[in-house]
There are 2 protein chains.
Amino acid sequence: MTTEDVVTRDDASARKPRLSRERVITAAMELADRDGIESLTIRALAEDLGTKPMTIYHHVAGKEVLLDGMVDIVFSEIENPPTDLEWREALRVRCRSARVVLARHPWSVPLLESRTSPGPELLRHHEAVLATLARGGLPLPQMAHAYAVLDSFVYGFALQEANLPVQGGEGMAEVAQEIAAAFDPGAYPNLVRLTVDHVMKPGYSFGSSFDVGLEMLLDGIARAAE
Amino acid sequence: MTTEDVVTRDDASARKPRLSRERVITAAMELADRDGIESLTIRALAEDLGTKPMTIYHHVAGKEVLLDGMVDIVFSEIENPPTDLEWREALRVRCRSARVVLARHPWSVPLLESRTSPGPELLRHHEAVLATLARGGLPLPQMAHAYAVLDSFVYGFALQEANLPVQGGEGMAEVAQEIAAAFDPGAYPNLVRLTVDHVMKPGYSFGSSFDVGLEMLLDGIARAAE
DNA sequence: GATGCGATTCGTACTTAGTACGACTTGCTA
DNA sequence: TAGCAAGTCGTACTAAGTACGAATCGCATC
């Protein structure tokens with residue numbers, strides 16, 4: 001026993017660093033990023049961490065809490081622009097960053113709003129947005145509107161982007177083919193025209209619409225600030 | 001679409017009208033509306049329908065297909081404004097209707113974009129939006145932007161609305177209490193101010209921000225049309 | 001060192017849920 | 001009235017979350 005102990009201790013400590021709540025959540029995010037959220041099971045996560053399922057539960061209370069933790073880390077990745085930046089520009093920077101972060105963690109978008117308990121990072125983020133709007137001189141009612149409207153747009157855009165069948169304009173052709181094959185192509189002339197004459201063209205990028213919409217909203221908010 | 005089966009048969013058929021794909025999907029939507037999407041299991045659905053789990057599978061190929069069918073029905077509920085309506089007004093009507101429908105089926109929002117195969121109603125809806133934008137004289141690139149931007153906003157708003165902790169301004173107080181209790185209230189001055197001085201006031205309604213944002217976007221789109 | 005304790009780890013097993021397989025039932029048609 | 005196709009369901013397997021309690025580990029103290 002004692003002799004074996006010496007050997008196993010060395011190996012064990014080198015091979016199996018102790019788990020922590022943070023390591024568990026981080027590994028869960030990596031798994032979700034890599035294989036999709038539907039592949040994130042406690043068993044698979046334990047496998048990734050080189051441990052057994054029940055060990056996970058000593059660091060997070062359950063899967064729901066794990067998801068809460070993951071969402072909060074997503075929020076922490078959103079860039080926090082300096083508070084002395086012009087308010088409009090600050091919102092632009094933050095929203096753009098949010099889009100990038102959400103695109104990096106597509107699984108997070110449907111989760112963002114469905115978590116019951118807001119984490120500290122989420123609260124920090126919301127507080128920062130409101131502070132920026134307050135700097136813009138918006139009265140409370142307009143502030144609430146601006147807040148709701150920007151969030152809606154960012155989440156909604158991310159939701160769509162997260163579920164694009166393909167990224168580049170390449171595989172788009174096949175998708176279009178499938179749809180055209182399954183349904184009468186003549187029934188959807190505008191859909192076909194948009195796809196063939198625009199979406200499938202070289203320079204197209206869905207993401208470019210983000211900036212367009214963001215500017216529309218920022219313009220509207222600025223107008224309301226007067 | 002088919003007429004009711006002959007009810008004049010013996011009590012067996014009266015007690016257990018034959019199932020159909022449509023009846024299964026409708027019952028699934030009712031269950032999800034009533035108890036939440038997480039309560040929608042094949043077993044519970046069978047129970048609601050007065051039958052056994054395996055019977056479901058003779059009408060829908062599996063749960064995923066069932067969800068596809070539900071989503072398509074949600075799209076069919078969105079109002080289709082007359083095609084001779086002024087294009088801006090037509091978009092307004094359609095988007096508002098979409099918000100109402102999505103609020104009625106909160107479970108559908110995260111599903112909308114994640115379904116792999118688009119159903120006929122979804123395609124019809126998209127085609128109609130594009131046709132309306134085309135009537136507005138938008139060139140293809142602006143059309144794509146307008147399309148993406150409106151959809152993002154509507155989905156994002158619905159996503160937030162679907163996950164509001166409470167509807168009226170009433171229970172809001174308790175939620176605010178919890179948050180304030182869990183974290184240092186002084187750390188989130190703007191959040192507290194917005195909540196206490198605006199959200200918790202009598203006339204507040206989150207939904208009113210929808211029209212505000214929608215007008216911002218319609219303005220922006222109209223400007224781009226020139 | 002030996003010992004004792006809290007922090008971790010994990011083996012076992014129960015529960016819920018999706019669904020494959022094949023047998024049984026039913027209602028209509030020839 | 002026999003037979004067939006459509007519809008129904010009993011049984012059972014698999015995947016996944018997780019409760020319970022025992023085994024183990026790491027370290028501080030004597």
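Chain identifiers are assigned alphabetically (A, B, ...) following the order of the sequence lines, protein sequences preceding nucleic acid strands; residue numbering begins at 1 within each chain. Heavy-atom basis, side chains included; hydrogens, waters and symmetry copies ignored.
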Neighbours of DNA chain C within residues 24-42 of chain A, by heavy-atom distance under 4.0 Å: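 Of all residues in residues 24-42 of chain A, none places a heavy atom under 4.0 Å from DNA chain C.
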Residues touching DNA chain C, which here means a heavy atom under 4.0 Å, drawn from residues 58-65 of chain A: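 When residues 58-65 of chain A is checked for heavy atoms under 4.0 Å from DNA chain C, the hits, listed by number, are A:H58, A:H59.
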Specify the closest pair of heavy atoms between [X] and [Y], including all atoms of both residues, with the distance to one decimal.
| X | Y | answer |
| --- | --- | --- |
| A:A90 | A:P81 | O-CG, 3.5 Å |
| A:S208 | A:S205 | OG-O, 2.9 Å |
| A:D68 | A:S117 | OD2-OG, 3.2 Å |

Spacing of B:I25 atom CD1 and B:D72 atom CG [to the nearest 0.5 Å]: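 Spacing of CD1 (B:I25) from CG (B:D72) equals 8.5 Å.
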CG on B:N163 to CD on B:E161, rounded to 0.5 Å: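 These two atoms lie 10.5 Å from each other.
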Of A:T55 and A:R43, the one whose closest DNA chain C nucleotide lies more 5':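 Between the two, 5'-proximity favours A:T55.
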In whole angstrom, give the distance that lies between atom [atom1] of [X] and atom [atom2] of [N].
| X | N | atom1 | atom2 | answer |
| --- | --- | --- | --- | --- |
| B:L45 | C:dT16 | CG | P | 18 Å |
| A:I56 | D:dA19 | CD1 | C1' | 16 Å |
| A:R21 | C:dT8 | CZ | C1' | 17 Å |
| A:E47 | D:dA15 | CD | P | 14 Å |
| B:Y57 | C:dA23 | OH | P | 21 Å |
| B:M54 | D:dC9 | CE | C1' | 9 Å |

Residues that A:R124 engages under side chain to side chain contact (heavy atoms under 4.5 Å, CB included), provided they are two or more places apart: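 A:R124 satisfies side chain to side chain contact (heavy atoms under 4.5 Å, CB included) with A:N80, A:E121 once adjacent residues are dropped.
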Pairs where residues 99-132 of chain A contributes a residue and the test ring-ring contact (aromatic ring centres under 6.0 Å, His included) is met, not counting sequence neighbours: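 Output for this query lists A:F75-A:H125, A:H105-A:W107, A:H126-A:Y147.
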Side chain to side chain donor-acceptor pair (under 3.5 Å) pairs, two or more places apart, involving residues 58-67 of chain B: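 Pairs touching residues 58-67 of chain B that pass the test: B:E64-B:R115.
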Nearest listed nucleotide, side chain of A:K52, among C:dG11, D:dA16, C:dT19: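 Ranking C:dG11, D:dA16, C:dT19 by closest atom to the A:K52 side chain puts C:dG11 first.
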Please tabulate, for side-chain N and O atoms in residues 186-198 of chain A, each donor-acceptor pair with protein atoms closer than 3.5 Å (sequence neighbours left out).
unit_1	atom_1	unit_2	atom_2	d
A:N190	ND2	B:E127	OE2	2.9
A:T195	OG1	A:L191	O	2.6

